[in-house]
Amino acid sequence: MIRFVKRLWNTAPIATVVLVVSLLVAGVFTTRAVAFWIYWNDPAHRAQAIEPWMTPKYVAHSWDVPPQVVRDALGEFKRDKNGPMSLDQVAKSQGIALEDLIAKIETAIETFEANRTTPDTPTDNTSKDAS
């Protein structure tokens, strides 16, 4: 193995560096993907009670709804900082109580769930005979 690496280095040092960096980057992203997969496949992280520390995207992911559902429930708000904001920060920027904001999000999620069509729900595409 060491002979192989030495031969690679002697033959094409720049390509060897590019290969090593590429493998390191691939390893980082693979590790990250596996960590996220393990985290979100834990049932304890699904449909969690909505807490002040959560971000809107976290809530959407936890409840398996499109992020737009949560964003629509939040309405317009002033971004106090770059990057993700917690629900507590969003409520403060809107000047409303955190409990009211959480209630709006929960209502939006319930409405989305009620309107969600499941794959096993048959749709009635048959036309009725007029006879």
Side-chain angles (χ1 to χ4, degrees):
M1 176 72 175
I2 293 179
R3 269 198 198 143
F4 177 71
V5 173
K6 283 183 181 180
R7 191 176 62 160
L8 273 178
W9 181 256
N10 289 334
T11 309
I14 294 174
T16 305
V17 170
V18 169
L19 175 67
V20 169
V21 169
S22 302
L23 290 174
L24 288 173
V25 169
V28 166
F29 282 108
T30 301
T31 303
R32 188 173 184 251
V34 169
F36 282 144
W37 182 82
I38 290 170
Y39 182 84
W40 285 111
N41 279 310
D42 181 1
H45 297 117
R46 292 290 179 182
Q48 291 181 329
I50 299 175
E51 299 286 334
W53 61 267
M54 294 179 175
T55 63
K57 190 173 180 181
Y58 185 95
V59 173
H61 201 87
S62 177
W63 283 89
D64 193 27
V65 297
Q68 191 62 40
V69 171
V70 178
R71 271 187 249 131
D72 290 345
L74 295 177
E76 293 294 322
F77 61 92
K78 181 181 166 229
R79 297 194 63 78
D80 294 337
K81 64 175 193 162
N82 290 334
M85 292 176 61
S86 68
L87 296 179
D88 189 37
Q89 293 168 329
V90 172
K92 285 178 185 172
S93 73
Q94 288 181 335
I96 63 173
L98 178 64
E99 293 76 23
D100 295 340
L101 184 68
I102 291 174
K104 284 170 45 176
I105 294 170
E106 288 171 344
T107 302
I109 290 171
E110 289 169 8
T111 303
F112 177 81
E113 291 294 330
N115 295 331
R116 181 184 287 198
T117 57
T118 57
D120 11 334
T121 305
T123 54
D124 188 18
N125 291 334
T126 59
S127 60
K128 295 183 180 179
D129 292 336
S131 46

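Taking all atoms of both residues into account, the shortest heavy-atom contact from Ala60 to Pro67 is CB-CA, 3.7 Å. Pro56 and Met85 get closest at one heavy-atom pair: CD-O, 3.2 Å.
Connection of Val18 to Val28 is not established within any shared hydrophobic cluster, with ILVMFWY side chains joined at heavy-atom distances below 4.5 Å, either directly or through further cluster members. Val5 and Leu24 sit in two unconnected hydrophobic clusters of ILVMFWY residues. Membership requires side-chain heavy atoms under 4.5 Å apart, directly or through other members. Ile96 and Phe77 fall within the same hydrophobic cluster, defined by Ile, Leu, Val, Met, Phe, Trp and Tyr side-chain heavy atoms under 4.5 Å apart, directly or through other members.
Sorted by first and then second residue, the salt bridge (charged side-chain N to carboxylate O under 4.0 Å, His left out) pairs involving residues 47-69 (not counting sequence neighbours) are Asp64-Arg116. Within the structure, the ring-ring contact (aromatic ring centres under 6.0 Å, His included) test picks out the following pairs touching residues 50-70 (sequence neighbours left out): Trp40-Tyr58, Trp40-His61, Trp53-Tyr58.
Distance check: Leu98 CG to Ile102 CD1 gives 4.0 Å after rounding to the nearest 0.5 Å. How far CG of Asp100 is from NZ of Lys104: 8.0 Å, rounded to the nearest 0.5 Å. Taking CD of Glu106 as the reference point, atom CD of Glu113 lies at 12.5 Å (rounded to 0.5 Å).
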Enumerate donor-acceptor pairs with a distance under 3.5 Å from any side-chain N or O in residues 69-76 to protein atoms, sequence neighbours excluded.
residue, atom, partner, partner atom, Å
Arg71, NH1, Gln68, OE1, 2.7
Asp72, OD1, Gln68, NE2, 2.6

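The hydrophobic cluster containing Val17, built from Ile/Leu/Val/Met/Phe/Trp/Tyr side-chain heavy atoms closer than 4.5 Å, also comprises Trp9, Val21, Val25, Phe29.
The environment of Arg7 atom CZ is sparse: at most 12 non-hydrogen atoms of other residues, nucleotides or ligands sit within 6.0 angstrom.
Side-chain atoms of Thr16 come within 3.5 Å of backbone N or O of Leu8 as a donor-acceptor pair.
Checked against side-chain contact (heavy atoms from CB on, under 4.5 Å), Ser86 has the following partners two or more places apart in sequence or in another chain: Asp88, Gln89. Contacts of Asp42 classified as side-chain contact (heavy atoms from CB on, under 4.5 Å), with partners at least two apart in sequence or in another chain: Ala44, His45.
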